[in-house]
There are 2 protein chains.
Amino acid sequence: MSNPEDPESALESRGSVPVSAPTGRPRSEEAHKAILNATVELLAEVGFSGLTVEGVAQRAGVGKATIYRRWPSKVPLVVEAYGRLPGMEDVDTGCLADDLKGMLKGYLEAFARTPLSALLPSLAGERAHNAELAKVFDPISIERRRPLMRALERGVARGEIAPEIDLDLAADMIVGPIAVGLFFKGGRIQPKRVGPMVDLALAGLGIRE
Amino acid sequence: MSNPEDPESALESRGSVPVSAPTGRPRSEEAHKAILNATVELLAEVGFSGLTVEGVAQRAGVGKATIYRRWPSKVPLVVEAYGRLPGMEDVDTGCLADDLKGMLKGYLEAFARTPLSALLPSLAGERAHNAELAKVFDPISIERRRPLMRALERGVARGEIAPEIDLDLAADMIVGPIAVGLFFKGGRIQPKRVGPMVDLALAGLGIRE
DNA sequence: CGCTTACGATACACAACGTCTCGTAAGCGG
DNA sequence: CCGCTTACGAGACGTTGTGTATCGTAAGCG
């Protein structure tokens with residue numbers, strides 16, 4: 001929609017079957033990875049607003065044109081780098097509370113290992129007034145919470161969650177305290193707080209008789 | 001505290017008693033207000049990252065120096081503008097659920113009337129990698145959720161919340177879904193969702209026998 | 001071998017930042 | 001009333017980063 005006449009749109013180039021005959025020198029996959037790695041590194045060091053395309057080019061050892069050939073601006077580049085960071089990993093123990101606690105603890109550990117905790121607020125802040133970014137950011141966000149949704153659906157199937165509960169709202173309640181801590185308090189959520197958090201949320205969601 | 005040797009620090013100048021003899025032409029309070037109003041207006045239109053000091057100066061009808069004389073950079077200016085926007089207003093009906101629903105609905109209406117929904121993600125995103133901003137942003141955030149904390153404390157006093165509950169975590173759970181919607185979905189929370197949200201959270205927080 | 005496209009490097013115009021300097025305006029103390 | 005001091009609006013200035021364009025070179029394909 002934004003660029004219908006460009007068959008080499010950055011997001012579509014992930015497809016495995018090139019539509020047009022790829023003549024000429026192929027794009028260097030090595031440079032591609034170097035750029036994304038440099039982006040992740042620099043995001044961890046200086047954050048989104050401190051990130052410069054020139055800095056990425058220098059760190060990656062590529063020319064600026066090589067970056068702009070792949071991404072039209074800083075925002076889609078950062079979005080793709082964001083997509084490469086780890087999300088929630090599904091944990092299936094047979095008990096909803098343990099699933100959720102395991103998933104959230106794993107996710108919080110990923111926050112410590114990667115620049116996720118700097119990236120998420122930065123992207124969310126940009127998203128708020130950048131419709132183009134929102135269009136690519138939102139599907140990635142939905143994809144990332146899919147393991148959480150699956151765990152909740154398993155909980156419904158097992159009878160651990162009342163069937164009339166709005167699972168989307170339930171998911172928001174589960175991750176809500178993490179989001180609040182991340183956005184307003186600097187992401188300093190202790191993993192030991194995950195237990196009470198989940199228990200509190202579940203007591204509201206579960207069937208009581 | 002943050003700048004002990006500068007008696008004219010922007011945040012401290014709100015004090016009513018000037019310490020040093022104010023010789024020379026006094027700063028125009030009119031220009032001060034015009035700058036803050038222009039900042040709020042422009043934030044609503046272009047967001048934080050689209051806001052330029054030159055744009056604010058033009059909209060307010062002042063020179064750039066008049067802005068830089070009061071605020072060292074864009075960030076503290078936006079923080080002060082943020083502080084002028086409405087926060088949660090305390091509602092005391094005698095029933096915790098009604099208090100919370102009333103407060104959240106009122107807050108969501110403020111989101112529609114003001115650039116709050118653009119400002120909060122932008123500031124939070126900047127906060128994540130800007131320690132100087134975090135230092136002034138965090139106290140304002142704590143201050144803004146104080147009515148919510150008071151309502152929860154009333155709930156404890158009335159026996160509507162179990163006394164062992166961590167009220168800070170409870171507050172995070174209450175506003176969590178709003179934060180998630182604001183940061184990841186564009187702030188489109190329908191006021192009619194407030195009811196189920198509060199009921200769900202309270203069922204987890206309340207005393208059950 | 002020639003065609004095509006990508007490569008790293010760098011020059012370029014543009015925009016915004018934050019500093020500075022104009023000439024002027026406003027309050028205060030003598 | 002007059003000089004001192006500081007603030008005012010306006011805008012020039014150097015700096016930095018953006019995104020585009022242009023080098024000469026490199027790599028795959030026919």
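Below, chains carry the letters A, B, ... as their sequence lines are ordered, and counting in each starts from 1.
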Counting side-chain heavy atoms from C-beta on, which of [options] comes nearest to [X]?
X: A:R25; options: C:dC7, C:dG18, D:dC8; value: C:dC7
X: A:R69; options: C:dC7, C:dA16, D:dG19; value: C:dC7
X: A:K64; options: C:dG8, C:dT19, D:dG19; value: D:dG19

Which whole-number value in Å describes the distance from [X] [atom1] to [N] [atom2]?
X: A:L51; N: D:dT16; atom1: CG; atom2: P; value: 18 Å
X: A:W71; N: C:dA6; atom1: CH2; atom2: C1'; value: 14 Å
X: B:Y68; N: D:dT6; atom1: OH; atom2: C1'; value: 21 Å
X: B:E29; N: C:dG27; atom1: CD; atom2: P; value: 14 Å
X: A:E54; N: C:dC12; atom1: CD; atom2: P; value: 15 Å
X: A:E30; N: C:dA6; atom1: CD; atom2: C1'; value: 14 Å
X: A:R70; N: C:dA6; atom1: CZ; atom2: P; value: 9 Å
X: A:I67; N: C:dA9; atom1: CD1; atom2: C1'; value: 13 Å

Do the side-chain N or O atoms of [X] get closer than 4.0 angstrom to the phosphate oxygens (OP1, OP2) of [N]?
X: B:R27; N: D:dT6; answer: no
X: A:T66; N: C:dG8; answer: yes
X: B:T23; N: C:dC28; answer: no

Item to complete: Can you tell me the pairing partner of D:dG30 across any strand shown, Watson-Crick or G-U wobble, with both distances under 3.5 angstrom?
Response: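 Pair assignment: D:dG30 / C:dC1.
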Report task. Indicate, with a heavy-atom threshold strictly under 4.0 Å, whether B:A57 touches base, sugar-phosphate, or nothing. Result ->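 No contact at all - B:A57 keeps every heavy atom at 4.0 Å or more from the nucleic acid.
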Original post:
With a 4.0 Å cut-off on heavy atoms, is A:G61 in touch with a base, just the backbone sugar-phosphate, or nothing at all?
Top reply: sugar-phosphate
Pairing of A:D199 and A:K101 as salt bridge, 4.0 angstrom limit: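 Yes, A:D199 and A:K101 are salt-bridged.
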Indicate yes or no: does B:R193 engage A:D168 in a salt bridge with an N to O separation below 4.0 Å.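 The answer is no: the pair does not qualify as a salt bridge.
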Note to self: We want to know whether B:H32 and B:R27 form a side-chain donor-acceptor pair, criterion being a heavy-atom distance below 3.5 angstrom.
What the structure shows: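 No, because no side-chain N or O of B:H32 sits under 3.5 Å from a partner of the opposite role on B:R27.
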Assert: residue with more 5' nearest nucleotide on DNA chain D, out of B:G24 and B:G63, is B:G24
- Task: May I ask you to check if A:R144 and A:Y82 form a cation-pi contact, with NZ or CZ under 6.0 angstrom from the six-membered ring centre and within 45° of the axis?
- Result: yes
Is A:R145 reaching over with its side chain to a backbone N or O of A:S141, donor-acceptor style, under 3.5 angstrom?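 No; zero donor-acceptor contacts below 3.5 Å.
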(request) Starting from the 5' end of DNA chain C, give me the residue, B:P26 or A:V62, whose nearest nucleotide shows up first. (result)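 Result: A:V62.
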